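Just so it is clear, the structure is predicted and the values come from calculations on it, not from any experiment. Letters go in sequence order (proteins before strands), and every chain restarts at 1.
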2 protein chains.
Amino acid sequence: MSGGVEWALHCCVVLTSVDEPAPAARLAQLHDVSPSYLAKQLQALSGAGLIRSVQGKAGGYILARSPGSITVLDVVEAVDGPSPAFVCTEIRQRGPLATPPEACTAPCAIARTMAGAEQAWREALRAVSIADLARDVGSTNPGALAGISTWLRQAQA
Amino acid sequence: MSGGVEWALHCCVVLTSVDEPAPAARLAQLHDVSPSYLAKQLQALSGAGLIRSVQGKAGGYILARSPGSITVLDVVEAVDGPSPAFVCTEIRQRGPLATPPEACTAPCAIARTMAGAEQAWREALRAVSIADLARDVGSTNPGALAGISTWLRQAQA
DNA sequence: GATTAGATACTCGGATAACGGCTGTCCGAGTATAAGGGG
DNA sequence: CCCCTTATACTCGGACAGCCGTTATCCGAGTATCTAATC
């Protein structure tokens, strides 16, 4: 899995508590990560329609939808790509004892098992929204999001 | 995910129906895949204790345990490695507004969500055994495993 | 015919290159802002 | 005092290298089998 997923999720949580656009460079120095690379992830999120980019001098990124309607799965798929990790090569149709194509209407047992597991993984990620994450952060570390919100609108040191 | 997982699973299903050791080269040409690379995957399975290697002229690989006691998760972890796909970098402890370490006793909400999803994925794979896969293949394509078994002990064309 | 020594051929095992994708970086296009001059 | 033009500085967006993991491959160590000679 791409490591940028973690950055993207944290940025989405931060964007939950700000109303003004937050620049990518500011988010980068907040998390102490590479600004250019974080920009790439934010571009992916913007392309997926999860966040909206505002250009100009006071521009930046804001959430495109309600935090409760953005799931963790949305972010993961936007950054890592929607294609599943396991892809069946249909090797049962290859080799000297290949099974005839007319007997391969349904996916094989291995492909079904893998697909089911990924489906369970996907459902678990779909069940959690960005709002849930923000609520949890606010409960374990009260005032953190508010402090970040005020820090974001301050001029850099 | 590593593509060799599919090969390893198919090989395990094939090994279910043979009592004599099956050489890696024979399994490779049965599935029409690279012999050398398949050997690597089988080595991983052997190192994990799932299959047992028999050396010598009539050597090869056989299942080390009962097919019902080998889960798909065992094979996936043996080939792909046991380390989870998502690793928390603890970026909440970095940057100008880093949360103090004494407040980071428990994993953050993001890490917990990801861990929960991977746990669900893992449980789904643990619920299916190699015996289940073989039974399914035998029902959808009767006689296939028996044919493979006889073909494996024949001399190569 | 049984036994034993040897040669053989086949097996796995680990060490070694080539490719693709993730990681990291850069500069150009575009725009809201701010300043400044004029009415 | 208000408005318009201009310059500015800041933003995103896509195009460009570097590194690590997966893919693919090879040859050497080791052993059960087969052969053949001997008793």
Between [atom2] on [N] and [atom1] on [X], what's the gap in Å once rounded to a whole number?
{"X": "B:Glu20", "N": "D:dT33", "atom1": "CD", "atom2": "P", "result": "11 Å"}
{"X": "B:Leu38", "N": "C:dC12", "atom1": "CG", "atom2": "P", "result": "10 Å"}
{"X": "A:Gln43", "N": "C:dC26", "atom1": "CD", "atom2": "P", "result": "15 Å"}
{"X": "B:Phe86", "N": "C:dC22", "atom1": "CZ", "atom2": "C1'", "result": "16 Å"}
{"X": "A:Leu42", "N": "D:dT11", "atom1": "CG", "atom2": "P", "result": "13 Å"}
{"X": "B:Gln55", "N": "C:dT11", "atom1": "CD", "atom2": "C1'", "result": "6 Å"}
{"X": "B:Gln41", "N": "C:dG14", "atom1": "CD", "atom2": "P", "result": "14 Å"}
{"X": "B:Leu152", "N": "C:dT11", "atom1": "CG", "atom2": "P", "result": "12 Å"}

Discussion item. Quick check: is B:Leu97 connected to A:Leu152 through a chain of hydrophobic side chains (ILVMFWY, heavy atoms under 4.5 Å apart)?
Written reply: yes

Discussion item. Same cluster or not: B:Val87 versus A:Leu125, using hydrophobic residues (I, L, V, M, F, W, Y) connected whenever any side-chain heavy atoms lie under 4.5 Å apart?
Written reply: no

Discussion item. So A:Ser53, base contact, sugar-phosphate only, or nothing? Heavy-atom distance under 4.0 Å.
Written reply: sugar-phosphate

Discussion item. Applying a 4.0 Å non-hydrogen cut-off, can you work out what A:Ala24 is touching in the nucleic acid: base, sugar-phosphate, or nothing?
Written reply: sugar-phosphate

Kindly say if [X] contacts the phosphate of [N], meaning a side-chain N or O under 4.0 Å from OP1 or OP2.
{"X": "B:Ser2", "N": "D:dT23", "answer": "yes"}
{"X": "A:Tyr37", "N": "D:dC19", "answer": "no"}
{"X": "A:Ser46", "N": "D:dG13", "answer": "yes"}

Practice prompt. Using heavy atoms to find the nearest nucleotide of DNA chain D for A:Val54 and A:Lys40 separately, return the residue whose nucleotide is more 5′.
Written response: A:Val54

Discussion item. If we check side chain to side chain contact (heavy atoms under 4.5 Å, CB included) with B:Thr16, which of these qualifies: B:Leu133, B:Ile130, B:Leu145?
Written reply: B:Ile130

Worksheet item: Starting at the 5' end of DNA chain C and moving along, which residue's nearest nucleotide shows up first, B:Lys57 or B:Ala39?
Response: B:Lys57

Response to the item:
Rounded to the nearest 0.5 angstrom, the CD-SG distance for B:Gln41 and B:Cys11 is 9.0 Å

Fill in: B:Ser149 backbone acceptor or donor facing B:Ser17 side chain under 3.5 Å
no

